[in-house]
Number of protein chains: 2
Amino acid sequence: MTTSTEENYLKAIYHLSTGNQNSVLTSAIAGSLSTSSASVTDMIKKLSEKNMVEYERYHGVRITRKGEKVALSIIRRHRLWEVFLMDKLKFKWDEVHDLAEELEHVSSDELTKRLDAFLGFPKFDPHGDPIPDTNGKVHSNGQVLLSEITKKGKYILSGVNDHSPSFLQYLEKKGLIPGSTFSIVEMDEFDNSMQIIFSNKKSIFISKEVSKNLLVRSHE
Amino acid sequence: MTTSTEENYLKAIYHLSTGNQNSVLTSAIAGSLSTSSASVTDMIKKLSEKNMVEYERYHGVRITRKGEKVALSIIRRHRLWEVFLMDKLKFKWDEVHDLAEELEHVSSDELTKRLDAFLGFPKFDPHGDPIPDTNGKVHSNGQVLLSEITKKGKYILSGVNDHSPSFLQYLEKKGLIPGSTFSIVEMDEFDNSMQIIFSNKKSIFISKEVSKNLLVRSHE
DNA sequence: TAAATAATTTAGACTTGTCTAAAAATATTA
DNA sequence: TAATATTTTTAGACAAGTCTAAATTATTTA
């Protein structure tokens with residue numbers, strides 16, 4: 001029905017869609033998939049014919065309900081495989097993303113269902129991101145980008161947006177893993193950096209680039 | 001390095017090679033992969049350039065040591081995933097082949113290694129076929145095609161050559177699963193059929209078509 | 001051993017997904 | 001608002017893998 005390539009485009013468009021209501025720009029998709037804008041235009045036409053996206057020349061795309069369902073089922077598989085790789089095969093959290101990227105395209109709903117059961121119906125992946133359910137519902141659990149936070153206070157790290165090994169290794173070194181709690185003690189309006197402090201009194205600085213990729217929930 | 005398609009060709013050539021010393025015919029590969037002879041010729045040229053097979057126009061191919069190593073590593077992955085699907089996800093033995101066919105192309109030696117450990121280093125897959133080790137060694141354990149047997153006596157079913165769901169379902173209905181023992185009580189030289197009897201006295205007929213796809217070892 | 005048959009290879013074309021370079025449309029700025 | 005800059009699309013090409021039909025080569029049979 002859908003090829004691996006189509007699935008990857010839909011995933012990228014879905015991820016770029018969340019948060020901003022607007023349509024997704026060709027260049028953004030190209031950047032996200034490390035491909036050329038020309039290729040994106042070609043693929044978008046194809047996805048548009050399949051009613052996976054709504055497309056208007058020169059004005060970007062908007063994912064349809066149908067396209068979103070496909071994207072969410074791939075994301076569900078991806079995150080379940082990540083749990084498998086970490087919980088069962090003992091991979092580290094910065095090693096699972098690339099492997100899950102391959103495994104997610106194995107197309108069997110029965111496999112996904114049984115994997116889910118085998119793992120004990122997990123609700124979040126090792127990076128703290130929620131696993132969509134069979135119907136494509138996401139338990140959003142009120143997480144917000146750290147970069148959007150304007151109030152000082154206590155927060156809990158609930159997920160990440162950049163899954164590259166280098167970023168995850170950086171976070172681990174800093175002590176920033178899903179579930180860790182911290183307080184924002186200083187916010188610099190000039191460069192949008194912030195200073196946070198952990199419960200063990202250790203304090204670190206976080207740049208805008210980093211906070212844009214961290215999902216947090218208010219803690220207490 | 002190698003594409004999924006190349007891997008599938010090498011696997012097919014490897015399987016067609018075992019047993020007969022001779023080179024493998026283009027038509028045999030085409031039949032095994034349900035593709036045209038023309039396509040096979042094209043791919044064989046490509047594999048020949050990569051030194052995966054030795055090719056002489058109009059005279060079939062012979063797999064090289066290098067090609068065999070690739071084939072065996074795919075077969076290793078395939079059979080390990082089959083064990084996972086049956087032991088952990090509780091799939092039935094006639095359901096695992098097609099899924100493993102997809103999973104085997106996820107290319108990570110580290111994944112294979114950890115999966116092997118997670119499964120407890122199994123030596124055989126659910127169909128009784130041996131799992132090649134990391135170095136591509138196969139524990140052949142002296143199994144022979146039932147169709148090659150000329151002596152009556154006790155045998156143990158150790159593997160199958162046809163992994164299609166329909167064949168496996170047929171075997172299960174007849175009570176022929178890996179590990180089951182039986183005695184050959186009658187062999188018909190005219191149509192090469194045979195009559196076997198299980199330890200529970202139940203007796204069945206086996207046609208040449210079926211016995212060509214059953215691997216057995218002598219029992220006692 | 002020459003003709004007929006069967007198998008294999010070549011030739012040319014199609015699909016998917018990609019690219020670069022040029023053209024078209026949109027957005028920016030002076 | 002007119003000129004400039006940016007983004008997007010089109011045009012044309014390429015690689016991988018596939019196909020059908022025609023041409024070769026090998027094998028069989030008379």
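Labels below follow one simple rule: chain letters A, B, ... track the order of the sequence lines, proteins then strands, and each chain is numbered from 1.
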Pairs of donor and acceptor atoms involving the side chains of residues 30-44 of chain B, under 3.5 Å and at least two apart or interchain, shall be tabulated with distances.
{"from": "B/Ser36", "atom 1": "OG", "to": "B/Ser39", "atom 2": "N", "distance (Å)": "3.2"}
{"from": "B/Ser36", "atom 1": "OG", "to": "B/Ser39", "atom 2": "OG", "distance (Å)": "3.0"}
{"from": "B/Thr41", "atom 1": "OG1", "to": "B/Ser37", "atom 2": "O", "distance (Å)": "3.1"}

Item checked: Interatomic distance where CD belongs to B/Glu56 and C1' belongs to C/dT9 [whole Å] -> 14 Å
Next item on the list: Could you pull out the closest heavy-atom pair between A/Asn161 and A/Lys212, with the gap in Å?
Entry: ND2-O, 4.3 Å
Next item on the list: Ignoring the backbone of B/Thr41, work out which of C/dT9, C/dC19, D/dT9 is nearest its side chain.
Entry: C/dT9
Check: Quick one: is A/Thr5 getting a side-chain N or O under 4.0 Å of the C/dT16 phosphate, OP1 or OP2?
Finding: no
Item checked: Candidates D/dT18, D/dA11, D/dT20 - which lies nearest the side chain of B/Thr35 -> D/dT18
Note to self: Rounded to whole Å, please give me the gap between CG in B/Leu25 and C1' in D/dA26.
What the structure shows: 12 Å
Note to self: Of the options D/dA26, C/dA24, D/dT18, whose atoms approach the side-chain atoms of A/Tyr58 most closely?
What the structure shows: C/dA24
Notebook entry, point to check: How close or far is atom P of C/dT9 from atom CD1 of B/Ile29, stated in whole angstroms?
Noted result: 9 Å
Next item on the list: Taking only the side-chain heavy atoms of B/Thr26 (C-beta and beyond), determine which of C/dT9, D/dT9, C/dC19 contains the nearest atom.
Entry: C/dT9
Check: Between C/dC19, C/dT9, D/dT10, which one does the side chain of B/Arg57 approach most closely?
Finding: C/dT9
Item checked: For atom NZ of A/Lys45 and atom P of D/dT8, their distance in whole Å -> 14 Å
Next item on the list: Quick one: label B/Ser27 by what it contacts on the DNA or RNA (base, sugar-phosphate, nothing), any heavy atom closer than 4.0 Å.
Entry: sugar-phosphate
Check: Expressed in angstrom and rounded to an integer, what is the separation of A/Asp42 atom CG from C/dT20 atom C1'?
Finding: 13 Å
Check: NA contact type, B/Ser39, heavy-atom cut-off 4.0 Å: base, sugar-phosphate, or nothing?
Finding: base
Next item on the list: Kindly state each residue pair satisfying salt bridge (Lys or Arg N to Asp or Glu O under 4.0 Å) with at least one member in residues 114-140 of chain A, sequence neighbours excluded.
Entry: A/Arg76-A/Asp116, A/Arg79-A/Asp125, A/Glu110-A/Arg114
